[in-house]
Amino acid sequence: MTELNQNTYISTGKQVDNIRQDRRKTRQKWGAAETSLLVEGLFEHGVGNWKKILTDPKYPFGKDRTAVDLKDRFRTLYPNEYENLYGKKAKRKTKKTNNDQSMVTFEKKPHRPKNKFTPEEDNSLKLGIEKYGNSWSKIAGDQQFNLMHRRGQDLRDRCRVAYPEIYARFSKSRKSKHVGKSDPHILKKFYALPFQITSPTIQEPETSNI
DNA sequence: ATAGGGGTACCG
DNA sequence: CGGTACCCCTAT
């Protein structure tokens, strides 16, 4: 190897290796406690959301841990789960004993617990639609409808399954048949529709009768 | 920021 | 020494 070569070659394996030796951090084994943090974080945030798990204060990982470290740990500890979630091409060489750990199953997007819509919420949703149309997040954000605990997306989903005839008025395919999506008349048409809106029961303030 | 693949320290 | 758990690099 001449001086000329040393100065000119840029991306050979050898030079990369030298850089690696300089930056490589000391090896930190995963203990049971830190592994439990990862498992809990996976149940809450889902597989693949490594940064979210790492930065969650509820899970105090070692100071030098990085999001990639979490991914690598999951990959070696639950090889079968990793294969299930990412495909067989992602499979890599692991100890057989680790395969038995897959009694546990993980999800990429953990499901929130289901909260059924009450009749009161449904009524409020319809009132909200009357006011805002399909601006679901505005309905959810308007205090008067008491739907602040719902996401706009959740309200859209509820409307779609509970009131398909209303929801159809907002779908693009339905719109494209007649008017442009920015046509202001679409809402007017919707407002004129004869669907029933029942007023939510209003709790009377405490009275002095009795 | 993450997925995927290559590299390496460490253990028996 | 072989094999693997942990670390690193990079395309997307």
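Below, read A as the first sequence line, B as the second, and so on, with proteins coming before strands; counting in each chain starts at 1. Basis for what follows: all heavy atoms, side chains included, without hydrogens, waters or symmetry-related copies. Quick caveat, the model's predicted, so the values are computed rather than measured.
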* Asked: So which nucleotide from dA5(C), dG4(B), dA9(B) ends up closest to the side chain of Thr94(A)?
  ->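 Nearest nucleotide to the side chain: dA5(C).
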Can you tell me whether the side chain of [X] and the base of [N] have a donor-acceptor pair closer than 3.5 Å?
X	N	value
Arg92(A)	dG4(B)	no
Arg27(A)	dA5(C)	yes
Lys93(A)	dG5(B)	no

* Answer with base, sugar-phosphate or nothing: what part of the nucleic acid does Tyr82(A) contact at a heavy-atom distance below 4.0 Å? =>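 The answer is sugar-phosphate, as Tyr82(A) gets under 4.0 Å only of primed atoms, P, OP1 or OP2.
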* Assign Arg75(A) to base, sugar-phosphate, or nothing according to its heavy-atom contacts below 4.0 angstrom with the strands shown. =>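 Base contact.
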Distance, rounded to the nearest Å, where [X] contributes [atom1] and [N] contributes [atom2]:
X	N	atom1	atom2	value
Tyr86(A)	dA1(B)	OH	C1'	12 Å
Arg24(A)	dA5(C)	CZ	P	16 Å
Glu34(A)	dA5(C)	CD	C1'	14 Å
Lys71(A)	dC8(C)	NZ	P	12 Å
Leu70(A)	dA1(B)	CG	C1'	13 Å
Glu83(A)	dG4(B)	CD	P	12 Å

* Asked: By ring-ring contact (aromatic ring centres under 6.0 Å, His included), which residues pair with Phe74(A), not counting sequence neighbours?
  ->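 With neighbours one apart ignored, the set is Trp50(A), Tyr78(A), Phe106(A).
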* The single option from Arg65(A), Glu44(A), His45(A) passing side chain to side chain donor-acceptor pair (under 3.5 Å) against Tyr59(A) ->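 Only one option passes, and that is Glu44(A).
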* Among Asp64(A), Thr66(A), Asp69(A), the one residue meeting side chain to side chain donor-acceptor pair (under 3.5 Å) with Lys25(A) ->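 Looking at Asp64(A), Thr66(A), Asp69(A), the match for Lys25(A) under the side chain to side chain donor-acceptor pair (under 3.5 Å) is Asp69(A).
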* Asked: Where along residues 41-69 of chain A does a heavy atom come under 4.0 Å from DNA chain C, residue by residue in number order?
  ->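 Of all residues in residues 41-69 of chain A, the ones placing a heavy atom under 4.0 Å from DNA chain C are Arg65(A), Val68(A), Asp69(A).
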* Asked: Taking the side chain from Asp56(A) and the backbone from Lys52(A), do they hold a donor-acceptor pair closer than 3.5 Å?
  ->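 Judged by distance alone, no pair lies under 3.5 Å.
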* Listed partners of Ser36(A) passing side-chain contact (heavy atoms from CB on, under 4.5 Å), at least two apart ->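 Not a single residue meets the side-chain contact (heavy atoms from CB on, under 4.5 Å) criterion with Ser36(A).
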* Ile166(A)-Phe145(A) co-clustered via ILVMFWY side chain contacts under 4.5 Å ->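 Yes: a chain of side-chain contacts under 4.5 Å links Ile166(A) to Phe145(A).
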* In sequence, state the C-alpha distance, the side-chain angles, and the governing distance for Glu121(A) and Arg158(A), and then conclude on salt bridge (charged side-chain N to carboxylate O under 4.0 Å, His left out). => CA-CA 10 Å; Glu121(A) 286 179 310; Arg158(A) 177 58 182 170; over 6 Å; no
* Side-chain N or O of Arg73(A) closer than 4.0 Å to phosphate OP1/OP2 of dC6(C) ->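 Yes, because at least one side-chain N or O of Arg73(A) sits under 4.0 Å from OP1 or OP2 of dC6(C).
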* Starting at the 5' end of DNA chain B, which residue's closest nucleotide do you reach first, Lys29(A) or Asp72(A)? ->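 Taking each residue's closest nucleotide, the earlier one in sequence belongs to Asp72(A).
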